[in-house]
Asker: 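Quick one: the structure is below, questions incoming.
Computed from a predicted model, the values in this text were never measured in an experiment. All ligand and atom numbering here is 1-based and tracks the order in the structure.
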Amino acid sequence: MDRIVLLPGDGIGPEVTREARRVLEAACSRRGRKLEFVEELIGGASLDARGTPLADDVVRLARQSRAVLLGAVGGPKWDAAPVDRRPEKGLLRIRKELGLFANLRPATVFPALASASTLRSEAIEGIDLLVVRELTGGLYFGEPRGRALVDGKREARNTLVYDEVEIARIARVAFEAARGRRRHVTHVHKANVLEVSQLWVEVVDETARRYPDVELTHQLVDSCAMLLVRDPRRFDVMLTENLFGDILSDEAAMITGSLGMLPSASLGEGGMGLYEPVHGSAPDIAGKDVANPLAAILSAAMLCEHSLGAKEVAADIRSAVTAVLDAGHRTADLATPGQAQAAVGCAKMGALVLAGLDR
Ligand code: NAD
């Protein structure tokens with residue numbers, strides 16, 4: 001039996017993870033897989049109850065489990081707290097403690113939602129890309145860093161550094177993912193200017209030799225940003241370093257439309273993963289049963305694929321979501337103006353997906 005740690009967090013986190021858990025449990029059980037769920041606190045909820053945004057025993061529990069399914073953290077109640085007592089510290093800590101070095105963000109257009117994008121629907125129909133971003137190295141973590149006063153002028157410094165081991169392990173994640181998809185990796189870099197990118201090109205080429213069945217393209221980051229809005233369908237798996245990935249994953253995600261639809265996975269060694277919707281805790285709609293649970297439900301599908309090795313369960317969940325959208329059901333964030341009255345709530349949307357599993 002695989003143990004899943006549930007960390008609902010704050011705001012709409014508990015509402016959307018409740019639906020994701022129901023769907024995950026039912027979808028696994030239909031395929032003969034039993035799961036054990038343990039629910040724990042993170043973020044503001046943990047600060048209130050335990051005085052820390054993430055307790056040590058929760059970290060230990062997560063380490064001894066198959067995967068973590070998380071809602072969201074934060075909210076106005078804790079906005080004025082000192083830096084070390086802020087809800088997002090809990091999130092940063094669990095990512096670090098679990099050694100999650102690969103961030104996977106799919107950008108998929110559900111045909112029924114093609115009109116939600118700001119791009120013309122003929123440009124986005126059929127988009128199915130996956131951004132694989134390195135998460136623990138690069139400019140955000142490199143030393144030396146800091147500010148100084150030099151010759152009477154304020155100066156600031158950050159360091160971009162990667163070694164070949166860090167590059168090879170994230171490259172393998174991208175090539176493995178491509179094998180389960182359309183077998184094409186686009187490596188995004190700035191090798192015309194940066195030595196670090198030149199090393200990435202070298203190491204990605206070396207890794208590619210072990211995946212002769214996967215096609216590899218190297219793409220400069222500036223032209224990639226343009227291609228992503230001009231012809232997003234050309235991309236399958238996009239592999240890149242931390243800073244480029246931070247920007248391009250948001251660009252790719254927004255091409256598809258709604259924040260309430262975007263799942264993510266952060267992976268470490270040996271199948272350990274943390275799965276969470278891209279959106280935050282949405283305090284403006286918390287507790288009203290109007291949040292869209294599909295990003296959390298699609299995050300649960302990623303959990304099946306990457307931490308349970310249950311691709312068929314992941315496919316079942318995605319098909320059920322597609323069927324519910326095709327049938328015209330929408331939460332308020334997806335409803336077209338004038339139809340918001342007819343929108344379904346968070347629990348109802350969860351129930352529809354659950355029913356969709358048994359179509
Ligand atoms: P947000 O994503 O919470 O909300 C932005 C807007 O999108 C809001 O209008 C919200 O109502 C709407 N929205 C978000 N998710 C939705 C869903 N599932 N269904 C329907 N509508 C949805 O971002 P924000 O308002 O900038 O931040 C709110 C809080 O969340 C802050 O405390 C922030 O720090 C935190 N946050 C947490 C995470 C995380 O836990 N990973 C990520 C981003 C923001």
Asker: Among protein heavy atoms, which lies nearest atom 16 (C) of ligand 1, and at what distance?
Answerer: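 Going by distance alone, atom 16 (C) of ligand 1 is nearest to I12 CD1, 4.0 Å.
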
Asker: Under 4.0 Å between a Lys/Arg side-chain N and an Asp/Glu carboxylate O for R30 and E25?
Answerer: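 No, this pair does not count.
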
Asker: We want to know whether D246 and Y140 form a side-chain donor-acceptor pair, criterion being a heavy-atom distance below 3.5 angstrom.
Answerer: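 Their side chains do contain a donor-acceptor pair, which is all the 3.5 Å distance test asks for.
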
Asker: Sequence neighbours excluded, which residues qualify as salt bridge (charged side-chain N to carboxylate O under 4.0 Å, His left out) partners of E166?
Answerer: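 By the salt bridge (charged side-chain N to carboxylate O under 4.0 Å, His left out) rule, E166 matches no residue at all.
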
Asker: Test your reading of the model: is there a side-chain donor-acceptor pair from D289 to the backbone of C346, 3.5 Å cut-off?
Answerer: yes

Asker: Just by distance, do the side chain of R3 and the backbone of Q64 share a donor-acceptor pair under 3.5 Å?
Answerer: yes

Asker: I need the atoms of ligand 1 closer than 4.0 Å to a non-hydrogen atom of G75, numbered in the order shown.
Answerer: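 The list of qualifying atoms is 32 (O).
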
Asker: Please indicate, with yes or no, if any protein heavy atom is found under 4.0 Å from atom 9 (O) of ligand 1?
Answerer: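 Flag for atom 9 (O) of ligand 1 set to true, protein heavy atom closer than 4.0 Å.
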
Asker: Using the salt bridge (charged side-chain N to carboxylate O under 4.0 Å, His left out) criterion, which residues pair with E155? Sequence neighbours excluded.
Answerer: R157

Asker: If you measure from atom 3 (O) of ligand 1 to every heavy atom of A282, A296, C346, which option wins on shortest distance?
Answerer: A282

Asker: Using a heavy-atom cut-off of under 4.0 Å, does the side chain or the backbone of I285 touch ligand 1, or both, or neither?
Answerer: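 It is the side chain that touches ligand 1; the backbone stays farther off.
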
Asker: Report the nearest protein non-hydrogen atom to atom 29 (C) of ligand 1: residue, atom name, distance rounded to 0.1 Å.
Answerer: S281 OG, 3.2 Å

Asker: Polar contacts were defined as any N/O atom of the residue lying under 3.5 Å from an N/O atom of the ligand; does this apply to V73 and ligand 1?
Answerer: yes

Asker: Find all atoms of ligand 1 within a distance of less than 4.0 Å from any non-hydrogen atom belonging to E276, and give their numbers and elements.
Answerer: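 Those of ligand 1 that fall under 4.0 Å from E276 are 41 (N).
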
Asker: Determine whether any heavy atom of A295 lies closer than 4.0 Å to an atom of ligand 1.
Answerer: no

Asker: Output yes when a protein non-hydrogen atom is found under 4.0 Å of atom 40 (O) of ligand 1, and no otherwise.
Answerer: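 Flag for atom 40 (O) of ligand 1 set to true, protein heavy atom closer than 4.0 Å.
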
Asker: Which of the numbered atoms in ligand 1 are below 4.0 angstrom from a heavy atom of G74?
Answerer: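 The list of qualifying atoms is 32 (O).
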
Asker: Identify, for atom 25 (O) of ligand 1, the protein heavy atom at the shortest distance, and state residue, atom and that distance.
Answerer: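 Residue, atom and distance for the closest contact: P283 CD, 4.8 Å.
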
Asker: May I ask you to identify, for L91, whether its side chain, its backbone, both or neither come under 4.0 Å of ligand 1 on a heavy-atom basis?
Answerer: side chain

Asker: What protein heavy atom sits nearest atom 18 (N) of ligand 1, and how far away is it?
Answerer: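 Going by distance alone, atom 18 (N) of ligand 1 is nearest to N292 O, 3.0 Å.
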
Asker: Within a distance of under 4.0 Å, is there any protein heavy atom near atom 27 (O) of ligand 1?
Answerer: no

Asker: Given R169, which partner from the list E269, E176, E164 fulfils the salt bridge (charged side-chain N to carboxylate O under 4.0 Å, His left out) test?
Answerer: E269

Asker: Do the ring planes of F175 and Y211 sit parallel (below 30°), tilted (30 to 60°) or perpendicular (above 60°)?
Answerer: parallel

Asker: Check each atom of ligand 1 against the heavy atoms of A72 and keep those under 4.0 Å away; list them by number with element.
Answerer: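 In order of numbering, the contacting atoms are 40 (O).
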
Asker: Could you go through the side-chain hydrogen bond (donor to acceptor under 3.5 Å, both in side chains) check for D48 and W78 one step at a time?
Answerer: CA-CA 10 Å; D48 287 354; W78 306 281; 3.1 Å; yes

Asker: With no hydrogens and no angle check, is any side-chain donor or acceptor of D128 less than 3.5 Å from a backbone partner on T108?
Answerer: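 The answer is no, because no donor-acceptor pair under 3.5 Å joins these two groups.
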
Asker: Considering only protein heavy atoms, which is closest to atom 5 (C) of ligand 1, and at what distance to one decimal place?
Answerer: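 Atom 5 (C) of ligand 1 sits closest to the protein heavy atom L259 CD2, 4.0 Å.
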
Asker: Heavy atoms only, cut-off 4.0 Å: how does P87 contact ligand 1, side chain, backbone, both, or neither?
Answerer: neither

Asker: Are V161 and L199 co-members of a hydrophobic cluster defined by side-chain heavy atoms under 4.5 Å apart?
Answerer: no

Asker: Would you check whether V278 has a nitrogen or oxygen atom less than 3.5 angstrom from a nitrogen or oxygen atom of ligand 1?
Answerer: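 In this structure, V278 places no N or O atom under 3.5 Å from an N or O of ligand 1.
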
Asker: For ligand 1, which atoms sit closer than 4.0 Å to a heavy atom of A291?
Answerer: 19 (N)

Asker: Sub-3.5 Å donor-acceptor pair from the side chain of N103 to the main-chain atoms of A265, do we have one?
Answerer: yes

Asker: Take the angle between the ring planes of H218 and H187 and call it parallel below 30°, perpendicular above 60°, tilted in between.
Answerer: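 Ring orientation, 0 to 90° scale: perpendicular.
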
Asker: Ignoring angles and geometry beyond distance, decide whether E88 reaches within less than 3.5 Å of ligand 1 through its nitrogen or oxygen atoms.
Answerer: no

Asker: Would you say D284 and ligand 1 have an N/O pair spaced under 3.5 Å apart?
Answerer: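 Yes, since at least one N or O of D284 sits under 3.5 Å from an N or O of ligand 1.
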
Asker: Flag the pair R179 and D213 as a salt bridge only when some basic side-chain nitrogen lies within less than 4.0 angstrom of an acidic carboxylate oxygen.
Answerer: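 Looking at D213 together with R179, the answer is yes, because their closest N to O distance falls below 4.0 Å.
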
Asker: In the protein, which heavy atom is nearest to atom 38 (C) of ligand 1, and how far is it?
Answerer: G280 CA, 3.5 Å

